[in-house]
Colleague: 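Quick one: this structure, given as structure tokens, is what I'll be asking you about.
Computation of the quantities below employed the complete heavy-atom set of this structure, encompassing side-chain atoms and omitting hydrogens, waters and symmetry-equivalent molecules. Here the structure is a predicted model, which is why all the values come from computation and not from measurement.
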Amino acid sequence: MKWEKLKPPEPEDAMCCCECDIYQYGCCCDCENLDETCNRWLKGKHQENGSRLPLLWAIVDKFEISMVPALVLLPLLLRVAALHYLLGIVVLTALPGLVLWYYYATHRKKRRTLFFLTLALFSLAYMYYLFITEILPRGDVSQLQVSTVTAAVILTIASLIHTKRGPGFVRTSGGRGPVAGQTRGPNKGSAQPNGASHSAASVSVKAAEFQTEAPDVKGSRCPLCKVTRPPRAGHCRICGSCVQRLDHHCIWINSCVGQANHRSFLLTLLVFLLTSLYGISLVLHSLCPRQYLMTALFYCPGVYSQYSTALCFTCAWYSSIVTCGLLHLLVLQVLNISYNVTEREAQLALRNKIGQSRLYGLVIDTGEYSRGFCQNWLEFLTMGDASVSSPSRLTDLV
């Protein structure tokens, strides 16, 4: 029997033995990144943590070195960009490219990372900090406007926490959902010949992951999770679990978007977008009072005469770039809901060449679940989530 027959049409990188999180000393593998090795050493998983405070241990356990660039480089680059408008053009042009490069680097390895969630939260906190320390003392913002911005920031964080409580994992017959990461690889302690065990395990995992991306049928069984999943459920190879009505794995919240949190995810996007737009308008109105709001970003005389105003203007541009990305994601989500198709189903339809492109390629209409615009939105707004949500722990929120 040839192993090539088990490989999917679109081959991926072989799963390394150290990608299995069951064995706590997996960092000893030679091919493990230094980042992951330091993470395991800093976490100290071999130590007992029963005597530690839950909140403190949750922060330490979820700490990653990948969080450091977002916490250090972002304010540094924004302050450098505020020195001169040419530096601002270079930095604001390079930032999206660096983020996209890091996304593709982590997406290729199929690993979870806190970099994007840290970048999103720190950007929100840093913009709010500059708003309070730089814009508010200028006297151009009323107390009502400050209260509105503060309430919007709090609502955004609260909505994000609600979204992070779980996408709705498919439960086993005993009522317990699969633990993320338990199906990502074989146990290192299994007694098999060297070389043959790793090759066979890699090919078998590849074949199983390819089967999980096949169109769902009623009562289909996931070859990785070993659970019977309902229609429209899918297996996330990053989280290592099957999710009810899986839409996609969102790197910005470091979690899947499924049946249990899709509505709150959409609400988080909307509130984040409105908060950003309102904050940008207040900043531009304070910095460029004589300019129209639509033209103030492109022409604001004297804004670089003081460093504080230049920094706020640079952050307004940065927030505008983030807002454009959020707006694009929100439009795609609204279109998918209007056609009653998930992002996963759209990708499978493109791969199998069975879907129809609509609205200049913004949405893929599979025609399988669509019942009309109103019925599709009614189904989305009324779909249940209590029966599929797994109980969240404190460490799951990050």
Side-chain angles (χ1 to χ4, degrees), residues 10 12 99-100 102-117 119-120 159-160 162-170 178 180-181 184 209-210 212-216 222 224-225 229-270 272-273 325-352 355 357-358 361-366 368-370 376 379-380 383 385 388-390 396:
E10 297 182 1
E12 300 174 351
V99 172
L100 287 176
Y102 190 81
Y103 164 72
Y104 286 111
T106 55
H107 183 73
R108 184 178 60 87
K109 296 181 180 180
K110 297 295 186 296
R111 291 185 183 179
R112 300 182 65 174
T113 176
L114 290 176
F115 172 80
F116 300 99
L117 178 61
L119 180 63
S159 180
L160 177 61
H162 187 269
T163 305
K164 288 283 295 176
R165 290 189 177 275
F169 294 107
V170 178
R184 297 191 62 179
E209 288 183 347
F210 175 62
T212 60
E213 298 200 1
D216 298 325
C222 177
L224 291 177
C225 293
R229 56 189 185 186
R232 309 192 75 175
H235 182 87
C236 176
R237 290 176 290 179
I238 300 178
C239 293
S241 300
C242 285
V243 178
Q244 290 267 9
R245 199 181 181 275
L246 176 62
D247 188 82
H248 69 286
H249 181 92
C250 182
I251 58 174
W252 295 105
I253 65 173
N254 194 32
S255 176
C256 287
V257 176
Q259 181 171 330
N261 65 347
H262 202 165
R263 289 192 298 268
S264 57
F265 174 74
L266 194 67
L267 177 62
T268 304
L269 275 180
L270 182 61
F272 205 141
L273 181 65
L326 291 177
L327 181 60
H328 179 260
L329 181 58
L330 180 63
V331 169
L332 292 181
Q333 286 291 312
V334 170
L335 291 177
N336 285 341
I337 296 171
S338 301
Y339 282 88
N340 200 355
V341 61
T342 63
E343 188 64 27
R344 172 178 176 269
E345 293 167 350
Q347 296 298 327
L348 289 176
L350 282 177
R351 180 181 302 178
N352 299 327
S357 179
R358 306 287 187 184
L362 290 177
V363 64
I364 304 299
D365 183 16
T366 61
E368 185 175 0
Y369 300 102
S370 181
N376 292 339
E379 177 184 338
F380 174 78
M383 62 181 180
D385 57 2
V388 298
S389 298
S390 58
D396 293 335

Colleague: Roughly how far, to the nearest 0.5 Å, is CG of L348 from OG1 of T366?
Modeller: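 Those atoms lie 10.0 Å apart.
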Colleague: What is the minimum heavy-atom distance between C236 and H249, and which atoms define it?
Modeller: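 Answer, listing the atom of C236 first, then H249: SG-ND1, 3.6 Å.
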Colleague: Under the criterion side-chain contact (heavy atoms from CB on, under 4.5 Å), I'd like the reasoning laid out for L266 against F380: C-alpha separation, chi angles, the key distance, then a yes or no.
Modeller: CA-CA 11 Å; L266 194 67; F380 174 78; 4.0 Å; yes
Colleague: Check the pair N376, S370 against side-chain contact (heavy atoms from CB on, under 4.5 Å), reporting the backbone distance first and the verdict last.
Modeller: CA-CA 6 Å; N376 292 339; S370 181; 3.2 Å; yes
Colleague: Quick check: closest heavy atoms across R229 and H235, and the distance to 0.1 Å?
Modeller: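 Minimum heavy-atom contact is NH1-N, 3.5 Å.
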Colleague: Should N336 and E345 be marked as a side-chain contact (heavy atoms from CB on, under 4.5 Å) after you check the CA-CA gap, both sets of side-chain angles, and the distance that decides it?
Modeller: CA-CA 10 Å; N336 285 341; E345 293 167 350; over 6 Å; no
Colleague: How close do F265 and T163 get, counting heavy atoms only, and between which atoms?
Modeller: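 Reported closest heavy-atom pair: N-OG1, 3.5 Å.
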Colleague: Working to the nearest 0.5 angstrom, can you tell me the gap between L119 CG and Y102 OH?
Modeller: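 These two atoms lie 11.0 Å from each other.
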Colleague: Report yes or no: do H248 and Q347 form a side-chain donor-acceptor pair below 3.5 Å?
Modeller: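 Result is no, nothing qualifies.
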Colleague: Within 45° of the ring axis of Y339 and under 6.0 Å from its six-membered ring centre, is that where the NZ or CZ of R358 lies?
Modeller: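 Pair R358/Y339 does not count as cation-pi.
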Colleague: Using a 3.5 Å distance criterion without hydrogens, assess whether the side chain of N261 forms a donor-acceptor pair with backbone atoms of C256.
Modeller: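 Judged by distance alone, yes, a pair lies under 3.5 Å.
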Colleague: Please lay out, stage by stage, how D365 and V341 fare under the test side-chain contact (heavy atoms from CB on, under 4.5 Å).
Modeller: CA-CA 7 Å; D365 183 16; V341 61; over 6 Å; no
Colleague: What distance do T342 atom OG1 and I364 atom CD1 have between them, rounded to the nearest 0.5 Å?
Modeller: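 Separation between the atoms: 12.0 Å.
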Colleague: May I ask you to decide if Y369's main-chain N or O and N340's side chain share a donor-acceptor pair within less than 3.5 Å?
Modeller: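 Judged by distance alone, yes, a pair lies under 3.5 Å.
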Colleague: Starting at CG of L246, measure out to CD of Q259 and round the result to the nearest 0.5 Å.
Modeller: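 Nearest 0.5 Å value for the CG-CD distance: 11.5 Å.
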Colleague: Quick check for you: to the nearest 0.5 Å, what is the distance between L329 atom CG and E343 atom CD?
Modeller: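 Here the rounded value is 9.0 Å.
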Colleague: Which pair of non-hydrogen atoms, one from Q244 and one from A233, has the smallest distance, and what is that distance?
Modeller: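 In this case the closest contact between Q244 and A233 is CA-CB, 4.2 Å.
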Colleague: Measure across A260 and G166 and return the closest heavy-atom pair with its distance rounded to 0.1 Å.
Modeller: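 Closest heavy-atom pair between A260 and G166: CB-O, 3.6 Å.
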Colleague: Can you tell me how far CD1 of I251 sits from CZ of F115, rounded to the nearest 0.5 angstrom?
Modeller: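 With rounding to 0.5 Å, CZ (F115) is 9.0 Å from CD1 (I251).
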